[in-house]
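Hydrogens, waters and symmetry mates are skipped; everything else that's a heavy atom, side chains included, is used. Just so it is clear: chains get the letters A, B, ... in the order the sequence lines come, proteins before strands, and each one is counted from 1.
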Amino acid sequence: MNLIHTLQKHLQQAFQEVFQLELEASSIKLERTLQDFLGDYTLVVFPYVKQSRKSPEQTATLLGEYLLSHQLIAGFNVVKGFLNIELSENEILDFFTNATQDASFFKTTIGHGKNVVVEYSSPNTNKPLHLGHIRNNLLGYSVSEILKANGYHVTKANLINDRGIHICKSMLAWQQAGLNETPESTGMKGDHLVGKYYVAFDKTYKAEIETLVAGGMTKEEAEKQAPSMLAAQQMLRQWEAGDADTIALWKIMNGWVYAGFDVSYKRLGVDFDKFYYESDTYLLGKSTVKEGLDKKVFYQKEDGSVWIDLTDEGLDNKLLLRSDGTSVYITQDIGTAQLKYDDFNYDISLYVVGNEQDYHFKVLQGILKKLEKPYAAGIKHVSYGMVDLPSGKMKSREGTVVDADDLMEEMHDEARKIILERGKTDGMNEQQIEDLCEEVGMSALKYYLLRVDPLKRLLFNPAESIDFEGNTGPYIQYTNARINSVLEKAGASANTSNYTGLLGPERELILALHNYHIILGKAAEMHNPAEIANYVYDIAKRYNRFYYECPIAKEDVAPEARSFRVALSILTGKTITECLRLLGIKAPRKM
RNA sequence: GGUUGCGUAGCUUAAUUGAAUAAAGCAUCUGACUACGGAUCAGAAGACUCGGGGUUUGAAUCCCUGCGCGACCA
């Protein structure tokens with residue numbers, strides 16, 4: 001049972017009976033009534049006055065009077081064009097009682113029977129993960145969990161970019177150094193070791209360019225002619241030709257990187273159901289080119305290159321196959337879209353990728369539409385903004401990246417300082433304390449990144465950004481820990497019967513919990529974990545207000561009130577825990 | 001050059017299918033613990049929602065234009 005839906009139905013009836021107006025129940029928008037007015041939900045009647053042929057006040061009043069015939073409504077008042085509706089306490093209590101017993105309270109069936117593939121993370125194998133990847137991973141993971149909670153069948157996929165010139169650069173620099181360094185010999189994480197050589201390559205390369213330019217070459221020419229670049233390209237050709245030594249080294253170094261990524265992924269708490277490797281998929285899509293030519297969707301230029309004209313979609317002409325027959329990025333993506341469809345028969349395929357690829361995905365979808373692929377419409381780019389630093393963009397070559405592993409370690413240490421100072425750690429052993437530091441530190445980081453609308457660029461100030469007070473992950477965890485503590489002290493079992501006379505904060509909290517369903521559905525529809533993050537903050541805030549105004553475990557509380565508030569605390573705790581779970585955040589019992 | 005995203009208190013964000021006095025956190029200032037957990041709560045102060053036009057009974061939100069920051073395509 002949903003109070004808002006019921007209210008919408010009553011209003012639909014009211015419009016029909018009073019004004020002979022046929023409206024869709026779901027089109028009737030209800031908002032929570034503002035604090036300073038009496039009521040629970042508000043209908044803005046301005047949009048309907050043309051058809052009701054009455055003044056806003058009269059329209060609202062007539063609707064309100066009609067509504068009074070329903071048990072759900074206890075009263076109403078009209079302020080200008082706003083109809084403020086007060087629900088009857090019995091109905092609110094009924095909803096709450098049902099919610100405490102409803103096993104499916106935290107689910108919706110919106111996505112029932114639908115397959116979704118969520119592709120996220122998709123790293124290059126030449127350097128370690130940084131802050132931007134963290135945002136990507138958290139978004140992808142959380143969106144997946146939110147979809148699952150809405151009944152979708154979700155497959156998390158990771159397309160690893162394990163081939164190409166970038167990995168050759170690291171391989172080359174490693175060979176040239178001749179130190180035979182390994183993660184074991186250096187004690188470095190594999191991805192960091194390979195990243196070190198990537199940087200080393202770049203340093204050498206830049207020096208070579210300088211020398212060549214000093215010798216009279218143009219910069220552009222020097223970038224092409226630098227010996228290390230030529231060597232890297234040579235290595236890529238060897239790789240593509242299947243040269244045994246090159247492949248062997250490639251396998252070893254990629255193995256190091258995977259081992260390193262695995263550690264970072266585990267610590268981040270993200271996981272995948274399916275890995276795709278570009279080394280397996282980069283030749284896919286070439287057959288599509290033939291298909292497109294046959295269907296006359298693509299066209300060939302005199303030099304043999306293949307193109308598609310997307311100008312009718314507001315896009316450009318796009319190259320699909322170079323004149324030398326090699327494929328470009330988008331050609332591969334056409335192939336992997338098909339591959340994923342073959343593997344999982346998806347209705348929706350999400351790509352969690354930064355907004356610099358907005359154009360790329362429009363093109364991809366445009367091409368698939370023209371090819372009349374059945375899955376074309378299901379492709380969606382979950383775009384998100386870059387993470388900036390106060391000094392500007394993160395640039396790995398300039399050493400201004402925030403390394404993912406370093407950052408997680410830093411968060412852990414910060415949490416530790418605070419926990420040792422004011423945490424409730426009595427009875428915990430050192431391992432338990434360490435685990436707690438990890439849970440709290442990661443919650444601060446994750447909540448900070450997820451509470452912002454993904455579309456927005458995110459400014460990250462390492463010195464001051466991440467806090468443990470106010471609108472933060474630890475605040476929400478703290479509220480949950482407080483609930484656990486109160487429940488222990490109260491020692492009463494939950495019981496919602498025999499309680500009447502709801503106090504303001506109780507009513508507010510119940511109606512906020514009531515909203516969970518709507519938020520969960522909206523978060524899935526918008527692919528936006530920030531909906532959940534902002535919602536759970538609202539819940540925590542309301543609980544804390546309730547906590548200060550409505551005693552639960554204190555001595556002089558009447559038994560019915562205590563049992564009722566215990567029930568309310570339990571449902572709030574479950575809601576907080578579930579929201580945090582959707583965000584990939586743990587909810588410790590004590591902290 | 002073309003396309004596109006963003007611009008909200010000092011800072012970080014909310015409200016963007018148009019609605020009442022633009023909502024929070026941080027920072028600043030006041031109050032509240034012999035405790036149901038002060039990582040909390042209550043309160044003060046802080047915003048011509050980048051500028052200029054327009055549509056509307058009503059605009060942070062929609063349209064046009066200028067400025068600023070970014071991305072992509074060529």
B:G43 versus B:A23 - spacing of their P atoms, nearest Å: 14 Å

Nucleotide opposite B:C11 in a Watson-Crick or G-U pair, distances under 3.5 Å: B:G25

Any A:Lys554 side-chain nitrogen or oxygen under 4.0 Å from OP1 or OP2 of B:C36: yes

Pair partner, B:U49 [Watson-Crick or wobble, under 3.5 Å]: none

Sugar-phosphate, base or nothing in reach of A:Asn84, heavy atoms under 4.0 Å: base

Short N-O contact, A:Asp358 and A:Lys362, less than 4.0 angstrom: no

Sugar-phosphate, base or nothing in reach of A:Pro56, heavy atoms under 4.0 Å: nothing

Sugar-phosphate, base or nothing in reach of A:Arg542, heavy atoms under 4.0 Å: nothing

Side-chain ion pair, A:Glu578 and A:Arg581, N-O less than 4.0 Å: yes

A:Lys417 with A:Glu414: basic N within carboxylate O range, under 4.0 Å: yes

Base paired to B:G1 (Watson-Crick or G-U; both N/O distances under 3.5 angstrom): B:C73

Euclidean distance for C1', B:G46 against B:C29 (whole angstrom): 11 Å

Closest to the A:Val44 side chain, choosing from B:G37, B:C72, B:A19: B:A19

Span that lies between the C1' atom of B:U49 and that of B:A24, in whole angstrom: 16 Å

Separation of atom CD in A:Glu31 from atom P in B:A19, rounded to whole Å: 7 Å

salt_bridge(A:Lys586, A:Glu438) N-O dist < 4.0 Å: no

Protein-nucleotide distance (A:Leu450, atom CG; B:U13, atom C1'), rounded to Å: 14 Å

Nearest-neighbour nucleotide for the A:Thr42 side chain, B:U13, B:A20, B:U4 considered: B:A20

Touch class at under 4.0 angstrom, heavy-atom based, for A:Ala490 against every strand present: nothing

Rounded distance in Å - NZ (A:Lys489) to C1' (B:A35): 9 Å

Nearest-angstrom distance, P atom, B:A27 to B:G37: 25 Å

Aromatic ring pairing A:Phe564/A:Tyr499, orientation class (parallel under 30°, perpendicular over 60°, tilted between): parallel

Closest listed nucleotide, where the reference is the side chain of A:Asp453 and the choices are B:A14, B:A19, B:G5: B:A14

Sugar-phosphate only, base, or nothing, as touched by A:Val486 at under 4.0 Å among non-hydrogen atoms: base

Pairwise P distance for B:A9 and B:A14, with rounding to whole Å: 13 Å

Rounded P spacing from B:A74 to B:C69 in Å: 24 Å

Side-chain touch A:Val353/A:Tyr120, heavy atoms, less than 4.5 angstrom: no

5' priority, RNA chain B, between A:Asp316 and A:Phe46 [closest heavy atom]: A:Phe46

Residue met sooner reading RNA chain B from 5', once A:Asn484 and A:Val45 are mapped to nucleotides: A:Val45

Complement of B:A19, any strand, by Watson-Crick or G-U distances under 3.5 angstrom: B:U57

Flag for A:Glu434-A:His412: side-chain donor and acceptor within less than 3.5 Å: yes

Any donor-acceptor N or O pair under 3.5 Å, side chains A:Asp316, A:Tyr359: yes

A:His360 NE2 to B:U4 C1', straight-line distance once rounded to whole Å: 16 Å

Per-nucleotide protein contact string for nucleotides 39-46 of chain B (B base, S sugar-phosphate only, - none; heavy atom under 4.0 Å): BBSS----

From B:G37, B:U12, B:U4, nucleotide with atom closest to A:Lys590 side chain: B:G37

A:Tyr359, nearest nucleotide to its side chain (from B:A20, B:G25, B:C73): B:C73

Sugar-phosphate, base or nothing in reach of A:Phe37, heavy atoms under 4.0 Å: base

Spacing of the C1' atoms in B:A20 and B:A39 (rounded, Å): 35 Å

A:Phe82-B:A19 aromatic stacking (under 5.5 Å, under 30°): no

Distance below 4.0 Å between A:Lys456 side-chain N/O and B:G7 OP1 or OP2: yes

Partner nucleotide, any strand, of B:C6 [Watson-Crick/G-U, under 3.5 Å]: B:G68

Basic-acidic side-chain contact under 4.0 Å: A:Arg451, A:Glu531: no

Whole-Å gap separating C1' (B:G70) and CG (A:Leu458): 14 Å

Rounded distance in Å between the C1' positions of B:G25 and B:A19: 26 Å

Distance-only donor-acceptor test (3.5 Å): side chain A:Asp467, base B:A27: no

A:Tyr447 and its side chain to side chain donor-acceptor pair (under 3.5 Å) partner, picked from A:Asp467, A:Asn471, A:Thr472: A:Asn471

Watson-Crick or G-U wobble partner of B:U40, both distances under 3.5 Å: B:A32

